[in-house]
Number of protein chains: 2
Amino acid sequence: MVEYSLDLTFAALADPTRRAMLDALRGGERSIGDLAAPHAMTFAGAAKHIGVLERAGLIERRKAGRQQLCRLKADRFTEAEAWLAEWRRFWNARLDTLEALLQEDQA
Amino acid sequence: MVEYSLDLTFAALADPTRRAMLDALRGGERSIGDLAAPHAMTFAGAAKHIGVLERAGLIERRKAGRQQLCRLKADRFTEAEAWLAEWRRFWNARLDTLEALLQEDQA
DNA sequence: CGAATATTCAACCATAAGGTTTCATTACCC
DNA sequence: GGGTAATGAAACCTTATGGTTGAATATTCG
């Protein structure tokens, strides 16, 4: 269900460590170790964050020798963006209404 | 800081009850009781969700007699949408690159 | 004033989240 | 094969979250 995956997506995005990891993945595939390194926490802790991102469907991984390479997946980003884009349309519509009212006032 | 408010915003959006409340507010101001009613939980439980939305800056409230009226606030929506819109641009750019590669192949 | 309405607050409970440590597994290199 | 690098996984701790109940506080109405 869409609602359910929005839960996971937004929850995954609500953490700065995880957002930083996503940003790091914009440069292409990265191993768990690469993703973990910049963060002031244990490897295991960072790996948990990666697990959250994977369960939320924001990334996927594949084995490459003794390491695992992670890469971004688009779907859930798109879904979340679509949800928020609807809000942008809502706010725009409200602004339009306000403008119309102001114009009426001036007339 | 921006990071901090993105944390709160995404965390607030990660719950279906809260997203439903936000949707309800699209119709205009609603009291806490109005927002709570549709949800299968105690009034106090629902009020906590409203507290989360308020602390995240997604809504604000004002007293009106013995009730409190809530209404939507745009800023944090905009912020979150901007963050995700950047990702949309990222994915689009990747698609463009892929297309270019395919074209090259054909040429 | 007294009763009912709308909401807040505090205490509590169960579960999940973010982190740690420790140990096991797997794959590479010599 | 043995050592080591990269990861997985389990157990544990602390704090946050989502929910409950019950009492307290305003505010309106009669």
Side-chain angles (χ1 to χ4, degrees), chain A residues 1 3-25 27-71 76, chain B residues 1 3-25 27-71 76:
Chain A
M1 194 195 267
E3 290 302 301
Y4 177 62
S5 72
L6 272 182
D7 286 7
L8 288 179
T9 302
F10 282 135
L13 294 180
D15 183 288
T17 299
R18 290 193 288 263
R19 288 198 303 276
M21 287 175 165
L22 292 173
D23 280 334
L25 286 173
E29 285 187 328
R30 293 285 183 274
S31 72
I32 312 263
D34 288 345
L35 290 174
H39 303 285
M41 70 181 65
T42 58
F43 182 93
K48 272 196 181 180
H49 281 296
I50 294 173
V52 172
L53 291 171
E54 191 185 21
R55 274 187 293 283
L58 292 165
I59 66 173
E60 62 190 350
R61 45 178 137 177
R62 66 184 180 87
K63 296 186 67 169
R66 69 182 140 183
Q67 50 186 11
Q68 300 239 357
L69 295 184
C70 305
R71 73 175 149 228
R76 299 298 157 79
Chain B
M1 196 195 266
E3 291 301 301
Y4 178 62
S5 71
L6 271 182
D7 285 6
L8 288 179
T9 302
F10 283 134
L13 294 180
D15 183 288
T17 300
R18 291 193 288 263
R19 288 198 303 276
M21 287 174 165
L22 292 174
D23 279 334
L25 286 172
E29 283 186 330
R30 294 285 184 273
S31 72
I32 311 262
D34 288 344
L35 289 174
H39 302 286
M41 68 179 68
T42 58
F43 183 94
K48 272 196 182 182
H49 281 294
I50 294 172
V52 171
L53 290 171
E54 191 185 22
R55 273 187 294 283
L58 292 164
I59 67 172
E60 60 190 351
R61 44 178 137 178
R62 65 186 181 86
K63 295 187 66 169
R66 69 182 137 180
Q67 49 186 12
Q68 300 241 354
L69 296 183
C70 305
R71 75 176 147 225
R76 299 299 157 82

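Lettering follows sequence order; numbering is per chain, from 1. The figures that follow rest on heavy atoms only: side chains count, while hydrogens, waters and symmetry mates do not.
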Just so I know, are the side chains of B/I32 and B/F43 near enough to count as touching, which here means a heavy-atom distance under 4.5 Å? yes
Rounded distance in Å - CZ (B/R62) to P (D/dA26): 20 Å
Grab the CG-C1' distance between A/D34 and D/dT7 for me, whole Å please. 13 Å
If a pair satisfies salt bridge (charged side-chain N to carboxylate O under 4.0 Å, His left out) and one of its residues is in residues 29-43 of chain B, list it, with sequence neighbours excluded. B/E29-B/R62, B/E29-B/R71
Candidate list A/M21, A/E54, A/E60, A/R61, test side chain to side chain contact (heavy atoms under 4.5 Å, CB included), partner A/C70, passing option: A/R61
Spacing between A/L69 atom CG and D/dT7 atom C1', to the nearest angstrom: 12 Å
d(CZ, B/R55; P, D/dA16) in whole Å: 12 Å
Could you state the CZ-P distance from A/R30 to D/dT7, rounded to the nearest angstrom? 13 Å
Atom-to-atom span, CG of B/L35 to P of C/dT7 - whole angstrom: 9 Å
Of all residues at least two apart in sequence or in a different chain, which pass the side-chain hydrogen bond (donor to acceptor under 3.5 Å, both in side chains) check with A/R66? none
Minimal non-hydrogen separation, B/R19 against B/L13, with atom names: NH1-O, 2.7 Å
Output the rounded distance in Å from CD1 (B/I50) to P (C/dC9). 13 Å
I'd like to compare against my own output: the B/S/- annotation of nucleotides 15-30 of chain C with a strict under-4.0 Å heavy-atom distance to protein. ---SBBB-----SB--
Ignoring backbone atoms, test whether B/R61 places a side-chain nitrogen or oxygen under 4.0 Å from the OP1 or OP2 oxygen of C/dA6. no
B/H39 NE2 to D/dT20 P: how many Å, rounded? 12 Å
All heavy atoms of A/S31 vs all of A/Q67, minimum pair found to be CB-OE1, 3.6 Å
